[in-house]
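Okay, so here's the structure we're looking at.
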Amino acid sequence: MREITFAQATLEAMDEEMSRDERVFVLGEDIARQGGIFGQFKGLPQKFGTDRVRDTPISETAIVGAGVGAALGGMRPVVDMHFADFMGVAMDELFNQMAKIHFMFGGQRSVPVVVRAPDGLTNQAAAQHSQSIEAWFLHIPGLKVVIPSNPADAKGLLKSAIRDDNPVIYFEHKMLFSEIGPVPDGEHLVPIGVAALTKPGRDITIVSYSYTMKVVMNAVSMLKNDGIDPEVIDLRTISPIDKETILNSVAKTHRLAIAHEAVKQGGVGAEIAAIVAEEGIDFLDAPILRFGAPFTPVPFARSLEAAYRVKAEDIYSGIKALFD
Amino acid sequence: MREITFAQATLEAMDEEMSRDERVFVLGEDIARQGGIFGQFKGLPQKFGTDRVRDTPISETAIVGAGVGAALGGMRPVVDMHFADFMGVAMDELFNQMAKIHFMFGGQRSVPVVVRAPDGLTNQAAAQHSQSIEAWFLHIPGLKVVIPSNPADAKGLLKSAIRDDNPVIYFEHKMLFSEIGPVPDGEHLVPIGVAALTKPGRDITIVSYSYTMKVVMNAVSMLKNDGIDPEVIDLRTISPIDKETILNSVAKTHRLAIAHEAVKQGGVGAEIAAIVAEEGIDFLDAPILRFGAPFTPVPFARSLEAAYRVKAEDIYSGIKALFD
Amino acid sequence: MAEWDEDLLCRFYRTMVTIRFFEQAVEKHFLAGEIPGFVHLYIGEEAIATGVCANLTEDDYIASTHRGHGHCIAKGADVNKMMAELFGRRTGYCKGKGGSMHIADFSIGMLGANGVVGGSLPIAAGAALAISMLDQKRVTVAFFGDGASNRGTFHESANLASVWKLPVIFLCENNQYASTTPYKTTTSVEDIADRAHGYSMPGVAVDGNDVFAVYEAAKAAIERARNGGGPSLLEAKTYRVKGHFVGDPELYRSKEEVEEIFKKRDPISRFEKQVLNEGLLSQKKLDDIKLEAQEVIDNALAFAKASPEPDPSELLSDVYA
Amino acid sequence: MAEWDEDLLCRFYRTMVTIRFFEQAVEKHFLAGEIPGFVHLYIGEEAIATGVCANLTEDDYIASTHRGHGHCIAKGADVNKMMAELFGRRTGYCKGKGGSMHIADFSIGMLGANGVVGGSLPIAAGAALAISMLDQKRVTVAFFGDGASNRGTFHESANLASVWKLPVIFLCENNQYASTTPYKTTTSVEDIADRAHGYSMPGVAVDGNDVFAVYEAAKAAIERARNGGGPSLLEAKTYRVKGHFVGDPELYRSKEEVEEIFKKRDPISRFEKQVLNEGLLSQKKLDDIKLEAQEVIDNALAFAKASPEPDPSELLSDVYA
Ligand SMILES: Cc1ncc(C[n+]2csc(CCOP(=O)(O)OP(=O)(O)O)c2C)c(N)n1
Ligand SMILES: Cc1ncc(C[n+]2csc(CCOP(=O)(O)OP(=O)(O)O)c2C)c(N)n1
Ligand SMILES: [Mg+2]
Ligand SMILES: [Mg+2]
């Protein structure tokens, strides 16, 4: 299979969906003139015009709100948040308007908006440009939340998100944009709500997503030497959660670890752990392990950022200890 | 002990702290001329003047931001959010500014702001005036989050919050304002970060907080007839979580249930369940139970609002089933 | 005055009294405990929605506020479905899921009331963006209050609409109060219309209790928008006669203030006097319209009361499309 | 021109060249991979912070932006601690926890840079509220960009400051770009200063590349605020000479545009020409100041490079007070 970058994969998704449906358009800051801060919109304005790839003022509140209004007016907007960290600026629009309109108005109208939110640690961007806040959105009925870890899923989930009639938050990790991986030729859709069993295994189920999947796979290599064979699940969608895939796996492996970059307290890992403690506790032969950032804002200095990150060694030694 | 309402208890706290420290003041919408929509500021403007009990424009973003700035300028603001539902409007100020300033600037300055957020279901207020969103704030390092369930704690926690040098979110359930309960005379402080063992018991640990504590206590009465004797923990503080009290209790009862009004998915219950599945799984003799709202926005109609609520019967039958 | 079309005059009157009677019925049934939640009445402000919406077709959009009943009715909503929604019945516009602050009717371009003050402003700008991208001849009117004019959403939406020349009219209903706070204590400009200056759009203030003045001013702004001239800001000066919500103790103003102003400015009696004085409509015509309107509201009440509550099982539907 | 005090002129020059040399050193070390994160340079805009802050004491507050180095230096910050912070060292202002976008020095009233555009505006209003409640004689200056003027925070803060008559100056640095977008494409008003009208406060636009003009305009606004006259909006028109951030490919404008404008408008060479032409300062004086400034920056670099990174254990401190 051909290999392309994650950024390229999202570009293909946009290109295909914008070609397929004239109502699809993008709005956000600095996407048209320079193709997006991570190159993720490169070439789109040339192909589709700056009417459909629109640079906006620095007005996140209005941008998301206008996305919602444009959807009600018959369009299918993709709204770029620049950095996930700025979602707080538009939080009312995201949770009180976009997420609730369908329900609040008795199902009269759907709100097909995709919100793209580049998140995660990158190059010491510090406290306000590095966050992973996906867990908030897990707690908001009416939203779907996807978070790919590789180019193929990036493409397939973005296409599915654009076609979905519900509001979908699409988190894309900044460190992934330059990642290269195989992506099928032709139409490629990844269903929302279905986790991937990335690696079958026997001894423990590791649930993760986004950039942390890479960290997990490194830990898996390290565990091999110790004869430990984990099964790895890539959530891909955070809401709705694919409980079945998780529970089936834990039924087989009898152990569970969850890893994500966001701070551990109140993170997505808490919900996964709770689901298994509720519905699959009898499967478990060991404490559930959660790996996530310590409870602190993201620091700037290299030494501190390194300390903040969840590392393969942490996952390795945490899991290994279960078997000692 | 004398009995007063929850609203009265918060008023005493404000009065005492505003008398004790001139730097304490309140800002928010509709608090001065009419004493707050739930009467929770009644009399304060008369006593302290409308300079220290300030009606603001409808500008939540600026109100929270100005609270932060006033704190940096030497004041100790209490910011009223009117309804917790409007916190989204000021979310950037809450999570990117207020929560991070102390850390981001290397500990140079603390940010002693209290944000009061009336939350929860009341009288069919529907999707945008009924929410419980405390779980988001559990996931934000730098904030403390308290959430009293009775007048004594309402007073003691509000006083502690005002004296704390950190930003504290103070959730107060709208249905509790008129609740009557005993409050000690004189100085009464409740420490932040310490859960209350509201009722000792043997058979199961029930963790809850805020208005749902009342629902839980009703369920406890019902369970009595079945010979089931729960231990009830009122969290009171959601962040930092008092793990020790929870784990000690589960070590004794071997069972755990968590109940809150917020939607179950991604709620505070997930974090409590995860902590126990991580650090106390060997204590457990049964699946962990979580009680929370179904995954839907808050509906308006009476029949639907009733279906949305976590009820004592739900908790009763869920727990009873563990013992059948 | 002489050049007003009789049908239009009847329409003005019918809309205004229908709103008035609707709101009076709502007030009564709220106070009797039959309507729950929060309810904000439009009494005394009827001329605004009426004058504005008389310029709109069903294809045009409006975005509304927490005080939205009048906007709905003026845009042509079905009062049966409105009343049923307020009573929390499954025959209501939102199947009982929304209530007073969350009524919408997308079939007539009513994009929704909003429980968040200022929340509908960016939505309105977005709907106007859709109009412009789809090359439609529609316009969007965004109703908002004087209080809402102090929210960042107003600023961001006005700026966006201006740089993109969107067909949207920002229609501020300045009723002198934001809940308990008088206009001057929270708002830093004499006329909200003046804020238009900061967005290079026309800003016009009119007497919001004069349906003719509102109609004319809205007409100009709407035609401009419809013809590609971009957004405008219109401020309709009015007065909130009732409490902020039904049940408001109104400690912040005197009964005398309210009565005096209402006596002078009530848009409906003012309209009656004008059309009678000028011989534009007969007393009989007015009486007939009133009777009809009262019947419509009585029917709506009967419809709402006879409608069932939603089944608890409906809680889980309409969360996702 | 003749009435300018020599000390003040030297101060102008020293501040401007210190900022320039600081930024040049930062650019170089960023491109060499020694400074991480995002860095936004103030080159070409030095006259603004310089002219404004020359009117402030250490008790006054400023609130800054992502492009904050110039504000810091003009307010009197220690360049050693600044540089160390940019390098992520524990001797930096924030112990290496903040970086370029998060520098503060509360000991001199510098309330912080901000990684969120427009984020510091309400904070500035709040600091001014504290001043007014504590009956202090201070003022707050809120620096913000033309791009930030389109955020709701600007609107809400300006309105709040006006109704409460707070001692705050909203100082817009209009450098014609918000990242990649030219001013006119995102902002709906000719002069941002005109937006003052919507808040009943004075709005003045000045040439931001003329330190004398900035100084005078800021002086008037600051004196007004200090004497209880309330807020003002000041727009300093300038031009962003460098890319938005160091490393910006700048696909959205031509090199020629930049060079031509900089040649004409560079605030430092303009100042030099003026003071030399008018005989206000000698070439020797200017050279001395430049040499000193260069030395200060060289020392700062040496200090930063010699400083240790924070120990990983420090990650968990300063989360709570
Ligand atoms: C963002 C937000 N803040 C506060 C409220 C509470 N609230 C509801 S209506 C209202 C006053 C609105 O005043 P205005 O915009 O003038 O409209 P009016 O009620 O006068 O029609 C307030 C403060 C809200 N619903 N949303
Ligand atoms: C709320 C928010 N939106 C977007 C960004 C990304 N961003 C950083 S600087 C910038 C441009 C700012 O333009 P302006 O306010 O004119 O300041 P300048 O960079 O020109 O000094 C943008 C869009 C941000 N940091 N914060
Ligand atoms: Mg009003
Ligand atoms: Mg700029």
Side-chain angles (χ1 to χ4, degrees), chain A residues 22-25 27 49 51-52 54-77 79 89-90 92-93 95-113 140-144 164-168 192-193 239-240, chain C residues 61 63 85 90 92-99 101-107 109 111-116 118-134 136 138 140 142 151-161 163-164 166 168 310 314-315 317-321:
Chain A
E22 286 206 332
R23 298 167 302 168
V24 178
F25 75 106
L27 69 173
D51 206 42
R52 288 180 70 196
R54 290 194 166 235
D55 275 342
T56 65
I58 307 179
S59 305
E60 284 79 7
T61 313
I63 298 168
V64 174
V68 172
L72 296 179
M75 301 294 290
R76 301 184 73 88
V79 177
V89 175
D92 185 67
E93 281 59 38
F95 100 105
N96 268 335
Q97 314 293 342
M98 188 170 83
K100 295 186 170 61
I101 280 177
H102 184 67
F103 180 88
M104 218 158 50
F105 297 145
Q108 286 184 62
R109 197 51 78 89
S110 61
V111 188
V113 179
I140 302 175
L143 299 182
K144 297 185 178 181
D164 202 294
D165 280 336
N166 296 287
V168 181
I192 294 177
S239 186
Chain C
Y61 299 126
E85 188 59 36
R90 64 174 320 227
Y93 262 118
C94 313
K95 307 178 189 163
K97 290 177 174 174
M101 283 192 286
H102 311 292
I103 294 186
D105 181 351
F106 291 90
S107 73
L111 303 180
N114 212 309
V116 179
S120 54
L121 290 161
I123 294 175
L129 173 60
I131 293 172
S132 109
M133 294 187 76
L134 293 167
Q136 296 165 333
R138 307 178 181 195
T140 301
R151 272 212 56 209
T153 49
F154 165 71
H155 179 68
E156 295 195 2
S157 306
N159 181 61
L160 199 75
V163 291
W164 290 348
L166 301 178
V168 56
E314 295 175 47
L315 176 61
S317 57
D318 301 319
V319 182
Y320 291 97

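Since the structure is predicted, the reported quantities are computational estimates derived from the model, not experimental observations. Proteins get letters first, then strands, A, B, ... in listed order; numbering begins at 1 in each.
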By a 4.5 Å heavy-atom criterion (distance strictly below it), what part of [X] contacts chain A: side chain, backbone, both, or neither?
X        : answer
C:Val163 : side chain
C:Tyr61  : side chain
C:Leu121 : neither
C:Ala113 : backbone
C:Ala104 : both
C:Asp105 : both
C:Ile131 : neither
C:Thr140 : neither

* Which of the residues C:Leu111, C:Leu166, C:Asn159, C:Asn114 is involved in the greatest number of heavy-atom pairs with chain A at under 4.5 angstrom? ->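 Greatest number of close heavy-atom pairs with chain A: C:Asn114.
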
* C:Val116 and A:Gln97: CA distance, side-chain angles, deciding distance, side-chain contact (heavy atoms from CB on, under 4.5 Å) verdict -> CA-CA 9 Å; C:Val116 179; A:Gln97 314 293 342; 3.6 Å; yes

* **For C:Asp318, salt bridge (Lys or Arg N to Asp or Glu O under 4.0 Å) partners two or more places apart** =>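 Testing C:Asp318 for salt bridge (Lys or Arg N to Asp or Glu O under 4.0 Å), a comparison that skips the adjacent residues, returns C:Lys95, C:Lys97.
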
Determine all donor-acceptor pairs shorter than 3.5 Å in which one atom belongs to a side chain in residues 99-107 of chain A; sequence neighbours excluded.
from: A:Lys100; atom 1: NZ; to: A:Phe95; atom 2: O; distance (Å): 2.7
from: A:Lys100; atom 1: NZ; to: A:Asn96; atom 2: OD1; distance (Å): 3.4
from: A:Lys100; atom 1: NZ; to: B:Gln131; atom 2: OE1; distance (Å): 2.8
from: A:His102; atom 1: ND1; to: A:Arg109; atom 2: O; distance (Å): 3.0

